[in-house]
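One-based numbering along the sequence shown.
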Amino acid sequence: MSAASSASLQQRISEQLQALSQVGETLTLRLLELEERLASLEQQIGDLGTNLADDPASLESSEILAHTEERIARLEELLNEQHPSAQVHPFPPRTEEHRQPPAPSSEEPELELELNPFPDEEEQPFMDELSA
C-alpha cells in the first residue's frame, strides 16, 4: 500500500471514530434527560398518592366501595341458599364418562325446564344411514 492510501484510510477511520463518539455523547445526554424526567414524574405520582390518601372524598368512596362489596356478597349468599342445585361453577370438573342427567319427575317439570332449557335428545340416524 502506498503512503497516500494509508493516510486517507487513517483519516476516514478518525472521522468515523469522531462521529461515533458524537453519537455516544448525544445518546448519553438524552439518557440523562430521560432519567430526570422519570424522577420528576415519580415525584408527581408520589405527591398525588399522598394527596389522595389525605383526601376525605377518596376515603368516603373507598368506604362506599367496601359496603357495595359486602352487599354483593350477601346477595350471592342469599341466591345460593335459595337455589343450591343451580350454583354456577366457572369450570365444571371434567369426567371421562358421559353422564346422563336424571330423568325429570312428573312433579317438577317446570323446575327441570328452568334448570335445563335445552334437554338432550336421542341421537338420530344420519340421512346416509337411512338409505343404506
Side-chain angles (χ1 to χ4, degrees):
M1 273 191 160
S2 68
S5 66
S6 174
S8 69
L9 183 62
Q10 285 180 348
Q11 180 68 27
R12 283 182 51 196
I13 290 175
S14 317
E15 290 171 357
Q16 288 178 353
L17 258 171
Q18 183 180 8
L20 186 61
S21 66
Q22 288 174 346
V23 168
E25 180 182 3
T26 303
L27 287 175
T28 303
L29 291 174
R30 285 189 178 184
L31 182 61
L32 290 173
E33 289 173 7
L34 282 174
E35 286 178 351
E36 289 175 5
R37 287 174 51 193
L38 178 64
S40 70
L41 286 174
E42 286 176 343
Q43 179 65 34
Q44 289 176 0
I45 290 173
D47 293 343
L48 284 175
T50 57
N51 289 344
L52 286 178
D54 297 337
D55 187 17
S58 70
L59 292 175
E60 189 175 305
S61 62
S62 65
E63 289 175 6
I64 292 172
L65 183 61
H67 289 297
T68 303
E69 289 176 353
E70 290 173 6
R71 275 195 303 265
I72 290 173
R74 276 184 277 151
L75 288 173
E76 287 176 347
E77 288 175 10
L78 288 173
L79 287 173
N80 288 337
E81 288 174 5
Q82 288 179 356
H83 298 288
S85 61
Q87 291 180 359
V88 177
H89 298 286
F91 300 106
R94 295 189 61 151
T95 59
E96 294 299 322
E97 61 187 68
H98 180 70
R99 297 184 183 175
Q100 292 291 333
S105 65
S106 60
E107 300 170 359
E108 302 175 347
E110 292 177 7
L111 180 61
E112 175 62 27
L113 283 176
E114 185 178 313
L115 295 177
N116 189 7
F118 304 106
D120 292 337
E121 296 179 359
E122 291 183 20
E123 185 177 328
Q124 298 179 0
F126 193 62
M127 289 181 65
D128 292 341
E129 295 174 1
L130 292 175
S131 63

Without placing hydrogens or testing angles, list every side-chain donor-acceptor pair under 3.5 Å for residues 20-29, not counting sequence neighbours.
unit_1, atom_1, unit_2, atom_2, d
Ser21, OG, Leu17, O, 3.4
Ser21, OG, Gln18, O, 2.7
Thr26, OG1, Gln22, O, 2.9
Thr28, OG1, Gly24, O, 2.7

Self-check item: Spacing of Ser5 atom OG and Gln10 atom CD [to the nearest 0.5 Å]
Solution: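 Atom-to-atom, Ser5:OG and Gln10:CD are 10.0 Å apart.
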
Quiz item: Could you state the interatomic distance from CD (Glu70) to CG (Leu65), rounded to the nearest 0.5 Å?
Solution: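 Answer rounded to 0.5 Å: 10.5 Å.
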
Taking only distance into account, with no hydrogens and no angle test, what donor-acceptor pairs under 3.5 Å do side-chain atoms of residues 32-45 form with protein atoms, sequence neighbours excluded?
unit_1, atom_1, unit_2, atom_2, d
Ser40, OG, Arg37, O, 2.8
Gln43, NE2, Asp47, OD1, 3.1

Quiz item: Are any non-hydrogen side-chain atoms of Glu81 and Leu78 less than 4.5 angstrom apart?
Solution: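 Yes, side chains in contact.
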
